[in-house]
Amino acid sequence: MQPRKIKILVVCLGNICRSPLAHGILEYKLSLENNCIIDSAGTANYHIGSKPDLRSIAIAKTNGIDISHQKARQFIREDFDRYDIIYAMDTSNYNNIVALASSKTETKKVKLILNENPNIENKNVPDPYYGGDSGFEYVFNILEETCEIIANRILI
Ligand code: 4NP
């Protein structure tokens with residue numbers, strides 16, 4: 001019998017800067033693992049249907065990952081049923097997602113992604129949208145390190 005698929009959703013505010021990076025990195029690291037489904041979404045509706053921010057596409061490409069095909073969508077209540085783990089990028093995203101949960105089981109699925117990384121003290125992935133390229137590089141690096149920890153746990 002096939003093992004059950006592990007389904008992970010990563011969520012930020014706009015689904016154009018941070019969560020597309022985590023989505024692409026996790027997909028890349030788990031590409032040989034058939035039993036995972038990875039997706040991303042935003043809590044806001046500002047950018048529905050848009051590609052990732054060009055600065056996220058660029059930093060991913062520099063690191064060998066193509067995220068240019070991704071399209072932003074908004075988090076919906078059905079995501080609680082569809083995914084096993086919902087990783088929020090910061091506490092604001094976390095609170096917005098949890099506010100939509102209608103049971104303890106749904107609430108328990110929501111986690112801060114940086115809680116998976118003991119090396120990082122500040123558990124919020126900073127929003128790089130209004131900053132420069134260095135912010136995107138920093139976000140890529142902490143998500144890369146964190147997704148490595150998550151992927152290794154799944155692959156063991
Ligand atoms: P993200 O970044 O949540 O990492 O996708 C943002 C993207 C867009 C906006 C804010 C944050 N915005 O205000 O449009």
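Every number for a ligand or one of its atoms is a count from 1 in the order of the listing. Both backbone and side-chain heavy atoms feed into the values below; hydrogens, waters and symmetry mates do not.
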Sort and list the pairs that fulfil salt bridge (Lys or Arg N to Asp or Glu O under 4.0 Å) and have at least one residue in residues 85-98, not counting sequence neighbours. Arg18-Asp90
Per the salt bridge (Lys or Arg N to Asp or Glu O under 4.0 Å) rule, what does the pair list look like for residues 36-61, sequence neighbours excluded?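 Applying salt bridge (Lys or Arg N to Asp or Glu O under 4.0 Å) to every pair that reaches into residues 36-61, excluding sequence neighbours, yields Asp39-Arg73, Asp53-Arg55.
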Measuring from each atom of ligand 1, which residues have a heavy atom under 4.0 Å away?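 For ligand 1, the contacting residues are Cys12, Leu13, Gly14, Asn15, Ile16, Cys17, Arg18, Tyr46, His47, Asp127, Tyr129, Tyr130.
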Among all residues two or more places apart in sequence or in another chain, which pass the ring-ring contact (aromatic ring centres under 6.0 Å, His included) test with Tyr28? none
For the atom pair CE (Met89) and OG1 (Thr43), what is the distance rounded to the nearest 0.5 Å? 11.5 Å
Between the side chains of Asn119 and Glu145, does any donor sit under 3.5 Å from an acceptor? yes
Does Lys7 use its side chain to pair, donor to acceptor, with the backbone of Ile37 at less than 3.5 Å? no
